[in-house]
There are 2 protein chains.
Amino acid sequence: MSEVAPYLARVPGIQYGVLDTLTGYAVRRTQLRMYEDFVQALAAWHITPPRYSALVIISLNRGLKLTQLAQIMGIARSGAVILVDALADLGYVTREPMPEDRRAFSLQLTELGRADLALITAAVQAHDARVTARLNAQELETLHGLLHKLSGAREDDDGLPSDQ
Amino acid sequence: MSEVAPYLARVPGIQYGVLDTLTGYAVRRTQLRMYEDFVQALAAWHITPPRYSALVIISLNRGLKLTQLAQIMGIARSGAVILVDALADLGYVTREPMPEDRRAFSLQLTELGRADLALITAAVQAHDARVTARLNAQELETLHGLLHKLSGAREDDDGLPSDQ
DNA sequence: TATTGTTATACTCTATAACTATA
DNA sequence: TATAGTTATAGAGTATAACAATA
């Protein structure tokens with residue numbers, strides 16, 4: 001057993017003062033709690049949040065190059081290499097040669113990757129539903145709308161993809 | 001200039017699929033964006049979110065021991081040592097001997113720490129207000145209430161300190 | 001010259017475990 | 001024996017920079 005309790009759990013009898021008025025602190029508490037639950041819930045699959053995001057994005061956007069994946073995820077190319085290596089080690093992703101550019105590879109989900117992604121997605125959705133179980137459908141919709149405003153959507157961005 | 005764009009920024013033309021339906025993903029996007037903005041806004045003060053939380057908690061809860069700070073922040077004692085060392089290097093915190101237990105120290109804010117904390121808090125509040133500028137007062141109140149439900153408050157927890 | 005994927009390297013943050021001095 | 005603070009060490013996760021192959 002660890003000496004460390006869940007991150008930022010509220011301790012009775014402690015004054016938090018201005019921290020309780022900051023949106024950033026509330027978001028951080030929530031994110032740490034959900035992240036931790038995700039990692040535990042998906043531990044058996046060896047899937048972390050970034051790995052799951054990469055799997056979903058690769059599955060939905062065929063022929064993605066490693067550099068594109070890095071841009072989409074906002075990480076360095078060297079980080080994308082490590083991420084793709086991990087997904088390849090799990091047998092979920094392969095690097096396919098691109099005839100039109102022999103420097104690059106096309107990231108592809110394997111059959112196993114596609115099959116397991118369905119199961120993993122079910123586990124992720126169950127985790128998400130469990131953690132948000134205290135909110136009803138309308139509250140969830142409200143929360144998503146508010147978070148969408150905060151997370152950088154531009155006023156003129158309708159959120160729809162510009163092509164495909 | 002870095003090769004890396006802000007983390008998880010939405011890329012036009014990319015399909016995100018199930019990711020857009022997950023509360024955890026929305027919270028993570030928001031948290032990363034706000035965290036990054038905090039760090040930039042407070043860079044001149046050498047204050048990160050954990051350092052700020054520690055400063056506030058030390059200032060509001062006199063005579064705190066390092067082990068208690070670690071428990072409150074949900075980190076290991078070794079991490080609290082590093083945190084307190086950083087705040088001590090900034091001249092904001094001192095370790096005062098506790099006559100009743102010569103193993104322990106009482107964490108105290110210095111005069112400089114108390115004075116600068118007021119200025120730092122103003123900068124933090126300005127950052128928080130700027131990042132949440134797209135939400136009106138009622139939306140902010142709604143968001144805080146929803147996040148509070150998600151971040152682990154128990155049904156029977158009125159949020160009030162049990163003593164002091 | 002620029003780009004793609006890769007490797008080398010380092011920095012930050014976090015953890016566990018062992019140590020010391022006290023209790 | 002147990003606890004408070006510390007130190008040593010290691011593991012993620014991230015970054016920058018340099019490299020070979022290709023454009």
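Each chain gets a letter, A, B and so on, in the order its sequence line appears, and its residues count up from 1. Nothing here was measured: the structure is a model prediction, and the numbers come from that model.
- Computed from coordinates, the B:Gln31 CD to C:dC13 P distance equals 13 Å when rounded to whole Å.
- Of the candidate nucleotides D:dA23, C:dA23, C:dG5, C:dA23 has the atom nearest to the side chain of B:Arg103.
- With contacts defined as side-chain heavy-atom distances shorter than 4.5 Å, the pair B:Ile47/B:Val124 does not qualify.
- Note that OG of B:Ser59 is 12.0 Å distant from CG of B:Leu107, once rounded to the nearest 0.5 Å.
- As a whole-Å value, the separation of A:Gln71 CD from D:dT14 C1' is 17 Å.
- For the OP1/OP2 pair of C:dG5 and a distance below 4.0 Å, the side-chain nitrogens and oxygens of A:Lys65 include no atom meeting the criterion.
- Comparing A:Arg102 and A:Arg51, the nucleotide of DNA chain D nearest to each residue sits closer to the 5' end for A:Arg51.
- In this structure, CZ of A:Arg28 is placed 10 Å from P of C:dC13, rounded to the nearest angstrom.
- Side-chain N or O atoms of A:Gln40 include none that pairs as donor or acceptor with a backbone N or O of A:Asp37 at under 3.5 Å.
- As a whole-Å value, the separation of A:Ile82 CD1 from C:dG5 P is 15 Å.
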Sub-3.5 Å pairs of nitrogen or oxygen atoms, protein against nucleotides 6-11 of chain C:
unit_1: C:dT6; atom_1: OP1; unit_2: A:Arg95; atom_2: NE; d: 3.1
unit_1: C:dT6; atom_1: OP2; unit_2: A:Arg95; atom_2: NE; d: 3.4
unit_1: C:dT6; atom_1: OP2; unit_2: A:Arg95; atom_2: NH2; d: 3.1

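- Regarding B:Leu107, its CG atom lies at a distance of 13 Å from the P atom of D:dA4, rounded to whole Å.
- One hydrophobic cluster, built from ILVMFWY side chains closer than 4.5 Å, cannot hold both B:Leu66 and B:Phe105; they sit in different ones.
- With 3.5 Å as the limit, one finds no donor-acceptor pair spanning the side chains of B:Ser53 and A:Tyr16.
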Query - Residue pair A:His144, B:Thr21: steps toward the side chain to side chain contact (heavy atoms under 4.5 Å, CB included) verdict - result: CA-CA 9 Å; A:His144 278 248; B:Thr21 73; 5.7 Å; no

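- Distance, B:Asp101 CG to C:dA23 P: 6 Å, rounded to whole Å.
- Here OG1 of B:Thr48 is found 8.5 Å from CG of B:Leu42. Values are rounded to the nearest 0.5 Å.
- For the pair B:Leu83 CG and C:dA15 C1', the interatomic distance rounds to 15 Å; values are reported in whole Å.
- Look at CE on B:Met98: it is 17 Å from P on D:dT3, rounded to the nearest Å.
- Among D:dA4, C:dA15, C:dG5, the nucleotide with an atom closest to any side-chain atom of B:Ile75 is C:dA15.
- Using a 4.0 Å heavy-atom distance criterion, A:Ala76 is classed as a base contact.
- Heavy-atom contacts from other residues, nucleotides or ligands closer than 6.0 Å to CD of A:Glu141 number 12 or fewer.
- Residues A:Tyr52 and A:Thr121 have side chains that bring a donor and an acceptor to within less than 3.5 angstrom of each other.
- One end of the helix from C:dT1-D:dA23 to C:dA23-D:dT1 points its axis 10° away from the other end's axis, with each axis taken from 5 pairs and the angle rounded to 10°.
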